[in-house]
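Working notes, structure below.
Protein chains get the first letters and strands the later ones, always in sequence-line order, with residue 1 at the start of each.
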Amino acid sequence: MLSVTNLTAGYRRDHDVLTRISITLTPGRIVGVQGPSGCGKSTLIRVLALLHPPRSGDLRLDGETVRRFRYAAPAAQRRRVGVVFQHPRAAADPRHTLRRIVSAHLPAGAPGTETDRLAELVGLTPDLLDRRPHEVSDGQLQRACLARTLGADPRYLLCDEMTAMLDASSAAALVHLIKAQVEHHGRGALMVSHDSALLDACCDETVQWHDLGGPPAAPTGR
Amino acid sequence: MGEAMGESVTGGRLKEWRPGGRRRPGGAARRGAAVSARARVVASAAVLVPLVAVVAVLPLVAGDAATGTVDYDAVRLAPGTGHLMGTDDSGRDVLVRAALGARVSLVIAVACAVAATVLGTVVGAVSGAAGGVIDATVMRLVDGLNAVPHLLLGILIVALYRGSLVAVIASIALTHWTTVARIVRAEVLSLRSRPYIDAAISGGASRLMVLTRHLLPAVAPQAALAAVLLLPHAVWHETALSFLGLGLPPHLPSLGTMVADSRDDVLLGAWWTIAAPAGLLVAVTLAVAGLAGWWRDRLVPRRRSELAL
């Protein structure tokens, strides 16, 4: 279980982006969070992915309390939570080929066939793997980013407006893929979006952003 | 816009309307002229750099006998058939000696540029990637080092280890790595908060992995450019040190020692003793700076106007 209680986080010293947020992810379920732009959804994802240290709050990952973030967190712990970012262009190193991007999170010494398997899973044809990010479309690049995230075999998948940059068919394909991953591999997923139709279509439950805050007794998304 | 659309409806002239219509007539031609002038600079630099390299290798081909031969029967000979650029106060061929000097100066310049770039890249990348107190401390140290005049600090280092090639290289490299460190740090700072770095951290990457896989490859072009821009600067620095008598030992001719030696000869009317080393010095620096400027324009195109050489 990946849960956070009473989370407060922010970037500037005098301003909190998140105040007393609580949410819980369980393996095998997709939780959707709907909120307007700029409400702090991405910050919540960053904290849950151990990429941003919160000011206060209790973050628990499979029973362990997380106290260290970014590089300080143990690599195995970081790998348990995978993130798919909103902008695939920004989330892929422009100097790397798609093959390198897809294989980036595979365990050291993994055979090359693993990369091909991941690429096939997300629907990338082999000829795309030798291209660089500027030579493929947003949809193809987002597929590569999702494949990279799955390479670490994370128990939790955090999707930050994953389909915002994509056309309808790519978005549908990726959402189906996430659903399949959750169903067949027992991963827990958090889908964050402002698109309520998308969340209703794929999530086991959807929570509104303003329902996440408030006192600890407030709905936690379970 | 309304007028243009009106014309397009009535006379089908939409194709002739251009958003840049306010530009002065002849602007394109003038820009073309500027481009070709720039192309000429780059082309001449591209010819000059290999030429200087050949000249620098010339003494190797000619052999030491031709370079070091002292001939008191041929002191201060004017340029002519025997000696293309004349001879100096010891009867040595000025052109061959200047070529040898250019070689020594270039070797020093390349060594300085490489050493300063490696040191600057490592310090800048580590400082930028580490952030926090480490970054603040390192950058204040860099500021402090920058506050001391480079030549003064260089003179101090050379004075400690007088007359050695390594001391000259160290004195220039140790005073110039700070520029590279600043460039690399700024680049690393702008990169380290990118989502793809976050993605790498999320995948379990260590600081070293992020540095070697993402940050260093990204700053490499900037660092390499800084190295090339350092070359002409290092040549002048070495010349200045040698001119002050603090550079190389007298038997090693560098462009700086030759300019220093020729001061008395020039007063005696032997202008050619300074012409060859000074000409090579100017040619080397202009050619390398011309190529470096062209490369920088390609790397940072939006700053083209500021950087025109």
Side-chain angles (χ1 to χ4, degrees), chain A residues 11 42-43 45-52 68-96 100-108 133 141-142 144-154 156-158 160-162 165, chain B residues 117 121-122 124-138 183-227 295-296 298-302:
Chain A
Y11 299 93
S42 297
T43 307
I45 295 258
R46 282 170 58 81
V47 173
L48 288 176
L50 318 190
L51 291 172
H52 184 76
R68 291 183 294 171
F69 290 82
R70 289 185 81 81
Y71 296 109
Q77 207 173 44
R78 279 182 264 157
R79 288 169 67 82
R80 242 184 285 167
V81 188
V83 202
V84 184
F85 293 93
Q86 177 175 4
H87 302 285
R89 300 267 159 226
D93 191 325
R95 276 160 293 274
H96 290 182
R100 197 166 168 194
I101 292 169
V102 169
S103 61
H105 294 180
L106 284 171
L141 195 54
Q142 191 64 298
C145 290
L146 178 58
R148 170 179 65 185
T149 307
L150 294 176
D153 193 19
Y156 303 96
L157 271 175
L158 311 177
D160 183 8
E161 299 257 16
M162 185 181 82
M165 309 298 290
Chain B
T117 305
T121 304
V122 169
V126 168
S127 176
V133 182
I134 297 176
D135 183 39
T137 313
V138 170
I183 294 171
V184 169
R185 173 186 171 264
E187 198 72 16
V188 166
L189 278 186
S190 84
L191 290 171
R192 67 173 204 165
S193 53
R194 298 272 169 97
Y196 68 80
I197 303 293
D198 279 348
I201 298 172
S202 164
S206 64
R207 274 181 204 277
L208 189 66
M209 279 155 78
V210 168
L211 201 60
T212 52
R213 288 181 190 173
H214 300 285
L215 298 178
L216 283 180
V219 301
Q222 294 280 359
L225 175 61
W295 187 15
R296 179 163 56 178
R298 287 188 55 114
L299 209 61
V300 199
R302 65 177 182 275

(request) Under the salt bridge (charged side-chain N to carboxylate O under 4.0 Å, His left out) rule, collect the residues that match up with B:Glu187, sequence neighbours excluded. (result) none

How long is the gap from [atom1] on [X] to [atom2] on [Y], to the nearest 0.5 Å?
X	Y	atom1	atom2	result
A:Asp160	B:Asp198	CG	CG	11.0 Å
A:Asp93	B:Leu191	CG	CG	8.5 Å
A:Arg78	B:Ile201	CZ	CD1	7.0 Å
B:Ser202	A:Phe85	OG	CZ	6.5 Å

(request) Search all heavy atoms of B:Pro195 against all heavy atoms of A:Ala91 and return the closest pair with its distance. (result) CB-CA, 3.9 Å

Check each atom of [X] against the heavy atoms of chain B and say whether the ones under 4.5 Å are side chain, backbone, both or neither.
X	result
A:Arg46	side chain
A:His96	side chain
A:Val83	both
A:Arg95	side chain

(message) I'd like to know if the side chain of A:Arg148 pairs up with that of B:Tyr196 as donor and acceptor (distance under 3.5 Å, no hydrogens or angles considered).
(response) no

(request) Check each atom of B:Ala218 against the heavy atoms of chain A and say whether the ones under 4.5 Å are side chain, backbone, both or neither. (result)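 Both backbone and side chain.
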
(message) Only heavy atoms, only distances under 4.5 angstrom. Which residues in residues 207-217 of chain B are near chain A?
(response)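 Within residues 207-217 of chain B, near chain A: B:Arg207, B:Val210, B:Arg213, B:His214, B:Pro217.
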
I'd like to know which of [options] tops the heavy-atom pair count under 4.5 Å against chain B.
options	value
A:Gly82, A:Ala90, A:Ala75	A:Ala90
A:Val81, A:Val84, A:Leu51, A:Ile101	A:Leu51
A:Pro94, A:Ala92, A:Ala76, A:Ala152	A:Ala92

